[in-house]
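Below, all heavy atoms of this structure are taken into account, side chains as well, without hydrogens, waters or symmetry copies. Just so you know, residue 1 is the first one in the sequence shown, and it goes up from there.
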Amino acid sequence: MSMHGGGMGAGRMGMRSMQKDRVLLEHRIKKGTLPRILTFARAYRSMLIVFLVAVVLGAIASSVSPLVLRALIDQGIKHRREGLIITLALITAVLAIIDAVLSLFERRISAVIGESLIYDLRAKVYAHIQEMPIAFFSRTQTGALISRLNNDVIGAQQAFTDLFSNVVGNVILVAIVLGTMFYLSWQITLVALILLPVFLIPARRVGRRLGTLFQRGMELNAEMNMVMTERFNVSGAMVVKLFGRPAQELSYFEGRAGQVRDIGIRQATYQRFFFIALSLTASLATAFAYGFGGIQVLHGALAVGTVVALTAYLTRLYGPLTQLSNLNIDYMSAMVSFERLFEVLDLEPMIKQSPDAVVIPDQPASLVFRGVEFAYPGADEVSLASLEAVARLDDTPRNQVLFGIDFEVAPGTMTALVGPSGAGKTTISLLVSRLYDVTAGSVLINGVDVRDATTASLNQMVGVVTQDSHLFHDTLRANLVFARPEASDDEIEAALRSAQIWNLVESLPLGLATVVGERGYRLSGGEKQRVALARLLLKSPRLIVLDEATAHLDAESEAAVQRALDETMSSRTSLVIAHRLSTIRNADQILVVEEGRIVQRGTHEDLLSSGGLYSDLYFTQFATQER
């Protein structure tokens, strides 16, 4: 049964592969792609010129050797001229050394250009991705992005090195070799060229299939990487274990890895067929050259050295001609890789700094929401179908989630947001730090619309702690100084003390050098939250946004984090999504949110006495917290 299914799978893969052959060859390169690619070459003009000179000299050195060999046989050995034999043998050795040195030099320059280009492209794409809004990352598959930075960058790099050198070097080599062969014996040369289609026709087909297999291999590797990326992080691994699906997950991964294996086997088979066909054709041509040339030698029409030189040239002819015959496939493959990179670079960030942005005044923060309305952006505004592993982007209509939100938070005060799940509280908090832009209205901090503020001043002004704060797989120190790299040890200790976690850090054998594990999973929930608070304190923001920072903690951890929060918020302006009664009672004002609207506002006592939604929430969620 498994064999039967495997055959069907292979058949489907074969059909897809043939379709991709046609797609690759019929793909229309977007106008302006080539000139845009050439802009990357400007930075390497001098190295490219040196590289081309080395390629040309290498081609000349490679093509001169058979002529020296011919002279050695016909002039030296035949006429027993010992001095000439030694001289020509030394010239042959020198040419071989020159060829080797040039080959090494070419590879060195090629590597410098290629790796530098990979670096430039990766840095450019990475920097651009960093500018993307949070909505982009909420839709995009991580593995697809990583594939762009790895496979596609490397594919694009080949246009500058392998493809470039193959075109220039092979054209020169073929021209020299054919010209010299016609000069030595036009008859043998013509027969060699007649044999050429016997090899080139299947070689072109194989080359086309290899190009397609290469592209498909990159896609399949990206899919396999996506599976590993999602399953190897702590959260993914936990889901697999908790739902007891290791066998199904193994089967799922084996399916992806099996496709990579199958296409690798196909690539190896086609490559071997390609080289066997090349060797066989060259051997047939060489056999003919020796046979026909040998008869010519017997009749005095050709010299022995000429026949040897011709056979040497034949081995230099078929390889370059084959590479040139598949030039279109190589070119298209490289262009497709560049286009996939440009596709990412051309996706404009929805949220970016205004050209005339202003600095938010560094003073106690005031926050104002004025007539704010909001709808989450559509897929076509923030993402690419190719990065979501879907045929086309979701075209679901945008639904408005906030309606006419108006409120003010005075400097040094705390405002609490309460309401049922899905009411829009988290959305309001996201707008403060400009993770999203409002659809209408404005959010102002110290009188400056966040859309008109410099990114640096907004980031410095606002600090956020969520219910699941992220820590990098690094040391405690590295996670803390991420907020402020120049922070001193005394400042780090003060922040940790304020966050109520210094005693724990001090008790660790490695202290601040302790590695926290991926996403901080080596720490408990309460410990991780307090480290996140310490990081926030190092940043020292004027305005703090807390999104249910203690929602998922046990009572002891919650109490410790709450003490840290109380100290953190004591002298700062704060907007808190609250789920604790103590937080609500301490708030200077409470905003009750329902279905994207503020339906009530006031202090705890005022709202409780006026009844309505707040009173209902109090008796269902908060009253049990009373002591």
Side-chain angles (χ1 to χ4, degrees), residues 126 130 134 137 142-143 145-146 225 228-242 433 435 459-460 462-541 544-572 574 576 580:
Y126 186 88
Q130 289 286 90
I134 202 68
F137 297 99
T142 305
L145 273 180
I146 293 172
N225 289 339
M228 291 188 289
T229 301
E230 291 180 347
R231 271 63 175 184
F232 284 177
N233 65 61
V234 178
S235 299
M238 189 175 292
V239 170
V240 172
K241 290 183 179 297
L242 291 176
S433 51
L435 292 179
N459 289 342
Q460 182 58 44
V462 181
V464 180
V465 177
T466 63
Q467 56 186 282
D468 185 23
S469 296
H470 184 88
L471 298 180
F472 295 108
H473 185 58
D474 209 330
T475 63
L476 279 168
R477 180 188 295 278
N479 274 283
L480 290 165
V481 299
F482 189 81
R484 190 153 62 89
E486 71 278 7
S488 66
D489 286 348
D490 290 341
E491 289 171 324
I492 292 174
E493 181 180 338
L496 289 168
R497 286 187 183 278
S498 296
Q500 312 290 311
I501 198 172
W502 170 250
N503 290 339
L504 171 70
V505 174
E506 198 176 29
S507 70
L508 295 172
L510 297 179
L512 288 170
T514 302
V515 176
V516 301
E518 185 174 357
R519 298 183 65 187
Y521 268 93
R522 292 180 65 184
L523 302 175
S524 72
E527 291 165 352
K528 188 167 71 168
Q529 284 296 78
R530 281 178 278 166
V531 170
L533 279 172
R535 181 170 61 187
L536 182 76
L537 288 167
L538 269 183
K539 181 181 177 180
S540 191
I544 292 178
V545 179
L546 301 177
D547 185 356
E548 300 188 283
T550 61
H552 301 316
L553 303 181
D554 58 67
E556 183 180 352
S557 296
E558 182 180 2
V561 172
Q562 193 59 47
R563 287 194 300 272
L565 284 173
D566 291 340
E567 183 166 341
T568 301
M569 295 186 296
S570 60
S571 60
R572 293 176 171 87
S574 55
V576 182
R580 295 183 83 255

| message | With a 4.5 Å cut-off on side-chain heavy atoms, are Glu493 and Val505 touching? | response | no
| request: Could you tell me whether the side chain of Ile492 reaches within less than 4.5 Å of the side chain of Leu538, counting heavy atoms only? | output: yes
| message | Tell me which pairs pass salt bridge (charged side-chain N to carboxylate O under 4.0 Å, His left out) where either residue lies in residues 500-514, with sequence neighbours left out. | response | none
| request: Answer yes or no: is there a side-chain heavy-atom contact under 4.5 Å between Asp547 and Val464? | output: no
| How many angstroms lie between CG in Leu546 and CG in Leu533, if you round to the nearest 0.5 Å? | 7.5 Å
| query | Arg572 side chain to Pro541 main-chain N or O, any donor-acceptor pair under 3.5 Å? | reply | yes
| What is the distance from atom CG of Leu537 to atom CZ of Arg484, rounded to the nearest 0.5 Å? | 10.5 Å
| request: Drop me the distance from Arg497's CZ to Asn503's CG, to the nearest 0.5 angstrom. | output: 7.0 Å
| task | Verify, without hydrogens or angle tests, whether Asp474 (side chain) and Asn479 (backbone) share a donor-acceptor contact under 3.5 angstrom. | result | no
| Any donor and acceptor pair, going by atom type alone, linking the side chain of Lys539 with main-chain N or O of Asn459 inside 3.5 Å? | yes
| field | Set of residues satisfying ring-ring contact (aromatic ring centres under 6.0 Å, His included) with respect to Tyr126, sequence neighbours excluded | value | none
| task | Grab the two heavy atoms, one from Ala495 and one from Ala534, that are nearest each other, plus how far apart they are. | result | CB-O, 3.6 Å
| query | Out of curiosity, Gln529 CD to Leu536 CG, how far, rounded to the nearest 0.5 Å? | reply | 11.0 Å
| note | Test side chain to side chain contact (heavy atoms under 4.5 Å, CB included), reference Arg535, set Leu496, Val465, Val481, Leu471, output is Leu471
| request: Answer yes or no: is there a side-chain heavy-atom contact under 4.5 Å between Leu508 and Leu476? | output: yes
| note | Heavy-atom closest pair (Val531 atom, Leu480 atom, distance to 0.1 Å) is O-CD2, 3.8 Å
